[in-house]
Amino acid sequence: MNAARARTSHRVAVIGGDGIGPEVTAEALKVVRASGVELDTTFFDLGGARYLRDGEVLSDDTLEVLRGFDAILLGAVGTPGVPPGVIERGLLLKLRFSLDLYINQRPFVGTGPGHTRSHDFVVIRENTEGPYVGEGGVLRKGTQHEVATQGSVNTRFGVERCIRYAFELASSRERKHVTLVHKTNVLTFAGDLWQRTFDAVAAQFPGVGTAYNHVDAACIYFVQDPHRYDVIVTDNRFGDILTDLGGAVSGGIGLASSANLNPARTGPSLFEPVHGSAPDIAGKGVANPVAAILSAALMLDHLGESRAAQAIREACSQPTNGSTVAVGDEICRRLHG
Ligand code: IPM
Ligand code: MN
């Protein structure tokens, strides 16, 4: 090999999915290529539409194939007509759990008047435990005596590795601050485990400041004073809800990106916008591709292509208008300009 800087092509599995998923994913791939990073892509036809066609959600064989990639880029999944949970549990959560994607990292930047930054924080959502584990069941279904239980699993191991990741991330950021968000006053068993683990990890990071907010209060602060936050760490369910709100107060859900990370790198990590498949606007060419593009930038960070990732974020930092394809084109133009 003669080149001093040999370009490696990253092997990326692409799951466009349903609704607007394939449209926004195509723009994300276009922008990554315009940034100069080479991707070797393999497309996987998975999601609600595939399930309705032949019953496949995510076979163990396909999962094993996906394990061999450097990263997975996902658009959005979900189609009307598929019962709730089939695709969510069978595809998304199966990927998160099987690939041990225990961190769900969701950054939020808000711009005020004149494009000044009103806030810049990251939610670290635990991604493999909590109520998402699916512990529980139903008795006497459909009768007057029906009973449904839905547990929440919180392990010291799972909570600690998530909190540690949040502190490590905060150490690398300017403000060096972590807020734990929970509901320790009511969910006393899980809350106590989270709080004690948080305190124990915090003691190992003396240079990082800390705070605690109940989740309901955090909702007010997200709207009224989001600037107070740097890194937030929270459980799977609170993180799900808070990050939709984070999107809403940071320019809209069409800008919200996420990384499902396996920081131990025992397999690929998965990158996807926070938004869903939006079947009502699918195929109209009006979906905002920026969330998918910023998710691809998070993928580039993980693949060691931070310069390209940063360039993409800068290109996305000014507002863009127009169709899905026009927004993608404009961001490519800014990368070249
Ligand atoms: C998200 C989504 C998923 C979640 C659903 C689709 C399983 O809402 O990524 O936030 O709840 O995690
Ligand atoms: Mn969600």
Side-chain angles (χ1 to χ4, degrees), residues 15-22 24-25 28 46-51 57-58 63 71-108 121-136 150-154 158 162 181 215 218-219 222 232-262 269-280 282 287-288 290-292 294-296 298-299:
I15 304 171
D18 302 309
I20 63 171
V24 296
T25 306
L46 295 168
R50 169 76 190 272
Y51 170 74
V57 180
L58 175 64
L63 176 63
I72 303 170
L73 188 66
L74 188 143
V77 292
T79 309
V82 181
V86 172
I87 301 301
E88 291 83 351
R89 295 212 75 84
L91 178 56
L92 268 184
L93 298 188
K94 185 168 174 178
L95 285 169
R96 289 177 186 174
F97 290 5
S98 309
L99 300 175
D100 205 19
L101 307 176
Y102 63 88
I103 296 297
N104 196 323
Q105 181 161 334
R106 298 183 161 179
F108 297 99
F121 66 85
V122 184
V123 176
I124 300 302
R125 164 186 177 189
E126 200 294 320
N127 212 29
T128 54
E129 298 194 345
Y132 279 69
V133 165
E135 190 213 64
Q150 193 90 51
S152 172
V153 174
N154 300 265
C162 175
V181 171
V215 64
C219 290
F222 265 49
I232 291 172
V233 65
T234 192
D235 84 353
N236 207 341
R237 166 176 32 193
F238 296 142
D240 177 42
I241 298 166
L242 273 179
T243 54
D244 266 27
L245 184 56
V249 298
S250 310
I253 200 76
L255 305 181
S257 58
S258 86
N260 296 261
L261 300 172
N262 171 337
S269 291
L270 183 152
F271 304 83
E272 57 172 340
V274 176
H275 65 66
S277 59
D280 50 329
N288 188 346
V290 171
L294 291 173
S295 301
L298 292 172
M299 176 177 81

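Order of listing sets the numbers, starting from 1, for every ligand and every atom in it.
- Here the rule is side chain to side chain donor-acceptor pair (under 3.5 Å) with R125, and of T234, N236, T243, D235 only N236 fits it.
- Protein heavy atom in closest approach to atom 11 (O) of ligand 1: Y132 OH, 2.6 Å.
- For the pair E129 (side chain) and P131 (backbone), a donor-acceptor distance under 3.5 Å is absent.
- Contact between V274 and ligand 1 is absent, with no heavy atom of the residue lying under 4.0 Å from the ligand.
- The shell of residues lying under 4.0 angstrom from ligand 1, judged by heavy atoms, includes R125.
- Here the heavy atom of the protein found nearest to atom 10 (O) of ligand 1 is D240 OD1, 2.9 Å.
- Looking from atom 1 (C) of ligand 1 to the surrounding protein, the closest heavy atom is R106 NH2, 3.4 Å.
- Here the side chains of P279 and T79 are not in contact, with every heavy-atom distance at 4.5 Å or above.
- The N/O atoms of E88, backbone and side chain alike, include none that comes under 3.5 Å of an N/O atom in ligand 1.
- Of the N or O atoms in N104, none lie within a sub-3.5 Å distance of an N or O in ligand 1.
- A donor-acceptor contact shorter than 3.5 Å is absent between the side chain of R89 and the backbone of P84.
- No part of R89 comes within 4.0 Å of ligand 1, judged by heavy-atom distances.
- Atom CG of residue N260 and atom CG of residue L74 lie 8.5 Å apart, to the nearest 0.5 angstrom.
- Judged by distance alone, the side chain of S258 and the main-chain N or O of E272 form a donor-acceptor pair under 3.5 Å.
- One of the N, O or S atoms belonging to D240 lies under 2.8 Å away from the Mn ion (ligand 2).
- When each atom of ligand 1 is checked for a heavy atom of L92 under 4.0 Å away, the hits are 6 (C).
- Across L298 and P107, no two heavy atoms sit closer than the pair CD1-CD, 4.1 Å.
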